[in-house]
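None of these values were measured; they are calculated from a predicted model.
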Amino acid sequence: MPAELTERLAALFRWIDPGPGTSHLVSDISGWWRDPTVLAELGPALVAPYRAARPTVVLAPAVTGLLLGPLAATALGVGFVAAHKPADGRLPAGPLTWAQSPPDYRGRRVDLAVRDRHLGPDDRVLVVDDWVRTGAQLHSLYDICAARGAEVLGTAVVAVDCPPEVAADLRITGLIDAADLHA
């Protein structure tokens with residue numbers, strides 16, 4: 001991956017103080033989406049480590065994954081499958097395969113669903129997301145793939161913020177280490 005992309009990701013990132021009554025800063029990745037160079041380079045950079053494995057589909061969770069997933073899928077010349085969350089109020093009609101995540105960094109369990117007709121035993125799946133801290137949602141997506149008979153090749157993320165053992169277990173590659181996104 002070009003060093004220029006990593007530098008640009010860091011320069012466009014912000015930590016935001018949400019105000020009184022909060023105990024932590026909130027990540028603001030909106031600058032990534034505003035920059036046309038970053039948008040053009042994200043898909044190819046995310047998929048580069050997996051291209052030789054020949055994924056047949058990219059799977060990504062709502063909400064940010066609905067932007068990153070199609071960028072990655074387009075770079076590979078394959079289709080995209082969205083993983084939906086009931087909390088966002090936009091569940092698709094038809095048969096769905098569900099999984100619930102283990103607790104995430106906030107202690108939440110997240111329900112995710114994928115349309116059955118879009119994921120099957122012939123699929124070699126690349127999972128894509130913007131940020132990984134605990135891998136909780138990734139575990140859910142891997143469980144959905146297993147239930148549908150699909151093979152997960154690994155996960156490509158923009159920012160890696162998880163322990164090395166989580167990254168190794170889930171076969172995560174990233175474009176920038178979250179430690180390089182200074183507060």
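- If you check the side chains of Asp123 and Thr56, you find a donor sitting under 3.5 Å from an acceptor.
- Applying the salt bridge (Lys or Arg N to Asp or Glu O under 4.0 Å) criterion to Arg51, with sequence neighbours excluded, gives no partner residue.
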Item to check | Derivation of the side chain to side chain contact (heavy atoms under 4.5 Å, CB included) call for Phe80 and Leu66 | outcome: CA-CA 9 Å; Phe80 168 69; Leu66 300 183; 3.9 Å; yes

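- Taking CG from Leu68 and CG from Leu39, the interatomic distance works out to 9.0 Å, rounded to the nearest 0.5 Å.
- The nearest pair of heavy atoms linking Gln137 to Pro61 is OE1-CB, 3.9 Å.
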Next on the checklist: Apply side chain to side chain contact (heavy atoms under 4.5 Å, CB included) to residues Val152 and Arg171 and explain how you reach the verdict.
Outcome noted: CA-CA 9 Å; Val152 177; Arg171 300 173 309 282; 3.7 Å; yes

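- Checked by atom type and distance alone, the side chain of Arg14 never pairs as donor or acceptor with a backbone atom of Gly31 at under 3.5 Å.
- Nearest heavy-atom pair, Tyr50 versus Leu153, reported as atom, atom and distance to 0.1 Å: CE2-O, 3.9 Å.
- Hydrophobic clustering of Ile, Leu, Val, Met, Phe, Trp and Tyr side chains at less than 4.5 Å, counting indirect connections, keeps Val128 apart from Leu138.
- To the nearest 0.5 Å, the span separating CG on Leu76 from CZ on Arg54 amounts to 12.0 Å.
- Between Val47 and Ala75 the shortest heavy-atom distance is CG2-CB, 3.9 Å.
- Linking ILVMFWY residues whenever their side-chain heavy atoms come closer than 4.5 Å, directly or via other members, leaves Leu170 and Tyr105 in distinct clusters.
- Ile172 and Val58 sit in two unconnected hydrophobic clusters of ILVMFWY residues. Membership requires side-chain heavy atoms under 4.5 Å apart, directly or through other members.
- Clustering ILVMFWY residues whenever any of their side-chain heavy atoms sit less than 4.5 angstrom apart, transitively, puts Tyr142 in the very cluster that holds Val110.
- Interatomic distance, CG of Asp180 versus CZ of Phe13, reported as 11.0 Å (0.5 Å rounding).
- Nearest heavy-atom pair, Leu112 versus Ile144, reported as atom, atom and distance to 0.1 Å: O-CD1, 3.6 Å.
- Summarising the geometry, atom NE2 belonging to His84 is positioned 7.5 Å from atom CG belonging to Leu96; distances are rounded to the nearest 0.5 Å.
- Inter-residue side-chain proximity for Cys162 and Arg133 is flagged as unmet; no heavy-atom pair is nearer than 4.5 Å.
- Within the model, atoms CG of Leu12 and CD1 of Ile29 stand 11.5 Å from one another, a figure rounded to the nearest 0.5 Å.
- Under the rule for a side-chain hydrogen bond (donor to acceptor under 3.5 Å, both in side chains), the partners of Arg124 that lie at least two apart in sequence or sit in another chain are Glu151.
- The side-chain hydrogen bond (donor to acceptor under 3.5 Å, both in side chains) contacts involving residues 16-26 comprise nothing, where partners must be two or more places apart or lie in separate chains.
- Arg148 places a side-chain N or O within 3.5 Å of a backbone atom of Asp116 that can act as its donor or acceptor partner.
- Closest of all the heavy-atom pairs between Leu9 and Leu181 is O-CD2, 4.2 Å.
- At a threshold of 4.5 Å between side-chain heavy atoms, the hydrophobic network of Ile, Leu, Val, Met, Phe, Trp and Tyr places Leu67 and Val132 in two separate groups.
- Taken to the nearest 0.5 Å, the CG atom of Leu175 stands 14.5 Å off from the CZ atom of Arg8.
- Listed here is the closest heavy atom pair of Pro70 and Gly65: CD-O, 3.8 Å.
- Side chains of Trp131 and Asp161: a donor-acceptor N/O pair is present below 3.5 angstrom, by distance only.
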